[in-house]
Amino acid sequence: EFTVSANYGEATILNWEKSLDGENFESFSSELTPSQKVVADKSAYYRLSSVGTGVCDAVFSNVVNVDVEENIVFELPDDRLICPGESFEIMLSSTSSPQQWIWEEKTLTSDYSLSNLSGLHVALQPSQSMTYRLTADMKVCEDYSDEIEIKVDEIPVLNLQASASAICQGDVVALTTDFPYGNSLVWEESISGGYAPFETSTLGISVTPQQTTSYRLSATSEAGCPAEAKEVTIQVDKAIEVSIEDLFVCEGDEAVLSPIGNDAYSYLWSDSEAFDTILHTEKVYAFTPSQSTVYHLSVKNGLCERIYSPVVTVSPIPKIISAEDIGNKSFLLHTEGGTAPLMFDFGDGRTPTTSNVLDNVIYGKTYNVTVSDDLGCSSSFVLETPTYELVIPDVFNANEQLWYVDNLDKYSNSRVTIYDRIGRVLLEMDGSDFSGWDGTYNGHLMPSTDYWYEINVGEIDMQYIGHFTLVRF
């Protein structure tokens, strides 16, 4: 509300007039008074006119311009939490204009200062948390202000720890982080051409990569702002694939421990579980053990190592220690050592047998006997049978005794022939059947005289030829 005053002199008729555009005036009062109270709702032009009487023209006062300023009320958006580098746009509108719009800003540690922002459409992109104040600077009405706080989210550092950066295939690696917003965590592993998620919302995982693999961890802050993702690569050495079997060897034989596996591996042999003593550094270990022993093999491939413990069992070989003549052309072989059952090969063409009795021997012959046990261990023994010389009598009394050749019974492959002085064959038979000659021929007593003999012994490849004298007393 305001008062318009005028000095109108001797005028008797007045019009109080108002115009919104300064040209077209309309009367709003004809009260004859030096002043008028006006309630203004809009800016307008005001004047006072004295109405003419028909003789004189109307008289107008000067025009008074009254500007009416509207109160301005506005509201900035609610306070915001934004990510670093993110912008926030504010768009306001107003039907009236103050003298000017004033933007001010302050940090958490400073007071307000003028901003370079202007107008009602602004984009806020602070590098740190800021409070912005917008003021409508009025001419008449009271200035009006509102504030908005833009907080720039402080994203925690995303750390990624691995319990090992290189492992042997099959080993376990622990991946952990201390990021405070665990629910936002996304674990990924490398695949052909990129990454694939496999776990979420956990501060630690255990992985067993079968080949060299990269892992990536991503997360967001409380405001959903992405933290800088972290990656780690786990180098995986291929697991060792080696096989080796226990070994049985015979006493005195060479043992060859030959594992089946990659030649590029490194091999280390020891007879100590702690590898205090190194026996060999090549893949194949050949040696002659003196006793049964557990050997230890360390196989390495990069970070991978496996220990194998093959057992080499040394089996005592069977031995023939003596041969006992038990008569009847038989020898009993005495043995020691070996793993039953024992097999005997007498080396004369007969089938090997478990019997340790060599029968039907040929005297004067050498037998190369081989004895072997159930594990295949063997040894040889040379059996030299005795050679029995024939004892051939030069004379015999046919009335009291037989003409008998001692030791001929030892040879089964022999032949005896007796002749008279004219070459007639008086007796011919195998030595095995010859028990002596009684001095007869076809039942007739042969006279006292000299007779000839021929004895062939095949076993010893000998031939005996001579004569003897038959007498009768």
Between Pro289 and Ala255, which heavy-atom pair has the shortest distance, and what is it? CD-CB, 3.8 Å
Which donor-acceptor pairs under 3.5 Å do the side chains of residues 422-431 make with protein atoms, sequence neighbours left out?
unit_1	atom_1	unit_2	atom_2	d
Arg424	NE	Asp420	OD2	2.9
Arg424	NH2	Asp420	OD2	3.2
Asp430	OD1	Arg415	NH1	2.7

Does Tyr451 have Arg421 sitting over its ring (NZ/CZ under 6.0 Å from centre, angle to axis within 45°)? no
Checking side-chain polar atoms at under 3.5 Å, does His296 have a donor or acceptor matched by the opposite partner on Ser270? no
In terms of the angle between their ring planes, are Phe287 and Tyr285 parallel, tilted or perpendicular, with boundaries placed at 30° and 60°? parallel
Approximate separation, where rounding is to 0.5 Å, of Ile148 CD1 and Glu105 CD: 13.0 Å
Nearest non-hydrogen partners of Ile240 and Val299, listed with the distance: CD1-O, 2.8 Å
Under 3.5 Å donor-acceptor, Asp246 side chain and Val311 backbone: yes
Assess whether atom CD of Glu147 is packed by more than 12 heavy atoms of other residues, nucleotides or ligands within 6.0 Å. yes
Show your reasoning for whether side chain to side chain contact (heavy atoms under 4.5 Å, CB included) applies to Ile234 and Ile167. CA-CA 7 Å; Ile234 307 300; Ile167 61 168; 4.0 Å; yes
Using a strict cut-off of less than 4.0 Å between a Lys/Arg side-chain nitrogen and an Asp/Glu carboxylate oxygen, indicate whether Lys319 and Glu336 qualify as a salt bridge. no
Find the distance between OG (Ser372) and CG (Asp374) and round it off to the nearest 0.5 Å. 9.5 Å
Would the distance check show the side chain of Asp143 and the main-chain N or O of Met138 forming a donor-acceptor pair, the cut-off being under 3.5 Å? yes
Around atom CD of Glu75, are there more than 12 heavy atoms of other residues, nucleotides or ligands at under 6.0 Å? no
Closer than 3.5 angstrom, by distance alone: can the side chain of Asn456 be matched with the main-chain N or O of Ser414 as a donor-acceptor pair? no
For the side chain of Thr293 and the backbone of Gln291, is there at least one donor-acceptor N/O pair under 3.5 Å apart? yes
Should we count NE2 of His467 as having more than 12 external heavy atoms under 6.0 Å? no
Angle class for the Phe198/Tyr215 ring planes (parallel below 30°, perpendicular above 60°, tilted otherwise)? perpendicular
Tell me if the CD atom of Glu89 is crowded by more than 12 foreign heavy atoms within 6.0 Å. yes
Testing the basics here: between Ile320 and Phe381, what is the closest heavy-atom pair and its distance to 0.1 Å? O-CD1, 3.4 Å
Under 3.5 Å: donor-acceptor pair, side chain of Thr107, backbone of Ser110: yes
Plane angle bin for Tyr453 and Trp403 - parallel if under 30°, tilted between 30 and 60°, otherwise perpendicular: tilted
Once rounded to the nearest 0.5 Å, what's the spacing between atom CD of Glu400 and atom CZ of Arg472? 11.5 Å
Lys329 versus Tyr363: any side-chain heavy-atom pair under 4.5 Å? yes
Compute whether any side-chain donor of one residue and acceptor of the other, for Glu454 and Gln463, lie under 3.5 angstrom apart. yes
Can you tell if the side chain of Tyr367 reaches within under 4.5 Å of the side chain of Ile362, non-hydrogen atoms only? yes
Residue pair Pro156 / Pro180: nearest heavy atoms and the distance that separates them: CG-CG, 3.6 Å
Evaluate the side chain to side chain contact (heavy atoms under 4.5 Å, CB included) criterion for residues Leu185 and Thr200: first the C-alpha distance (whole Å), next the side-chain angles of each, then the deciding distance (0.1 Å), finally the verdict. CA-CA 5 Å; Leu185 294 171; Thr200 60; over 6 Å; no
Could you check whether any side-chain heavy atom of Ser214 comes within less than 4.5 Å of a side-chain heavy atom of Tyr195, counting everything from C-beta outward? yes
Ring centres of Trp101 and Phe74 under 6.0 Å apart? yes
Quick one: OG1 on Thr212 to NZ on Lys238, what's the gap to the nearest 0.5 Å? 11.5 Å
What closest approach, in Å, do Ala323 and Leu333 show between heavy atoms, and which atom pair accounts for it? CB-CD2, 3.6 Å
Under a 4.5 Å cut-off applied to non-hydrogen side-chain atoms, are Ile317 and Ser378 in contact? no
Is the shortest heavy-atom distance from the side chain of Val457 to the side chain of Ile455 under 4.5 Å? yes
CG (Asp78) with more than 12 external heavy atoms under 6.0 Å: no
Where do Asp146 and Arg133 land on the salt bridge (charged side-chain N to carboxylate O under 4.0 Å, His left out) test, with the steps shown first? CA-CA 6 Å; Asp146 195 16; Arg133 182 170 66 189; over 6 Å; no
Flag, side chain of Lys283 to backbone of Gly261, donor-acceptor distance under 3.5 Å: yes
Tell me if the NZ atom of Lys300 is crowded by more than 12 foreign heavy atoms within 6.0 Å. no
Stepwise side chain to side chain contact (heavy atoms under 4.5 Å, CB included) test for Leu158 and Leu217: CA-CA 8 Å; Leu158 178 60; Leu217 178 61; 3.8 Å; yes
Ile278 vs Leu268 side-chain heavy atoms within contact, under 4.5 Å: yes
Do Asn159 and Thr177 have side-chain atoms, one donor and one acceptor, less than 3.5 Å apart? no
Within a reach of under 6.0 Å around CD1 of Ile321, are more than 12 heavy atoms found that belong to other residues, nucleotides or ligands? yes
Are Asn183 and Ser201 close enough that a side-chain donor and a side-chain acceptor fall under 3.5 Å? no
Neighbour count above 12 (heavy atom, 6.0 Å) for Gln161 CD: yes
Should Asp79 and Lys151 count as an ion pair when the cut-off is N to O under 4.0 Å? no
OG of Ser129 to CZ of Arg80: how many Å apart, nearest 0.5 Å? 14.5 Å
Taking atom types as modelled, find out whether Thr213 and Glu189 have a side-chain donor-acceptor pair closer than 3.5 angstrom. no
With distance as the sole test, does Glu384 use its side chain to make a donor-acceptor pair with the main-chain N or O of Lys365 at under 3.5 Å? no
Minimum side-chain heavy-atom gap Tyr112-Thr131 below 4.5 Å: yes
Please check: side-chain N/O of Tyr295 versus main-chain N/O of Leu257, any donor-acceptor pairing under 3.5 Å? no
Donor-acceptor check, side chain of Asp373 to backbone of Ala340, threshold 3.5 angstrom: yes or no? no
Do side-chain atoms of Asn397 reach the backbone of Asn399 as a donor and acceptor pair under 3.5 angstrom? yes
Report the distance from atom CZ of Phe275 to atom OG of Ser298, rounding to the nearest 0.5 Å. 5.0 Å
Contact check, side chains of Val232 and Leu175, non-hydrogen atoms, under 4.5 Å: yes
Between Ala164 and Val173 the two heavy atoms that sit nearest each other are O-CG1, 3.7 Å
Evaluate the criterion side chain to side chain contact (heavy atoms under 4.5 Å, CB included) for residue pair Thr281 and Trp269; output intermediate values, then yes/no. CA-CA 6 Å; Thr281 58; Trp269 293 93; over 6 Å; no
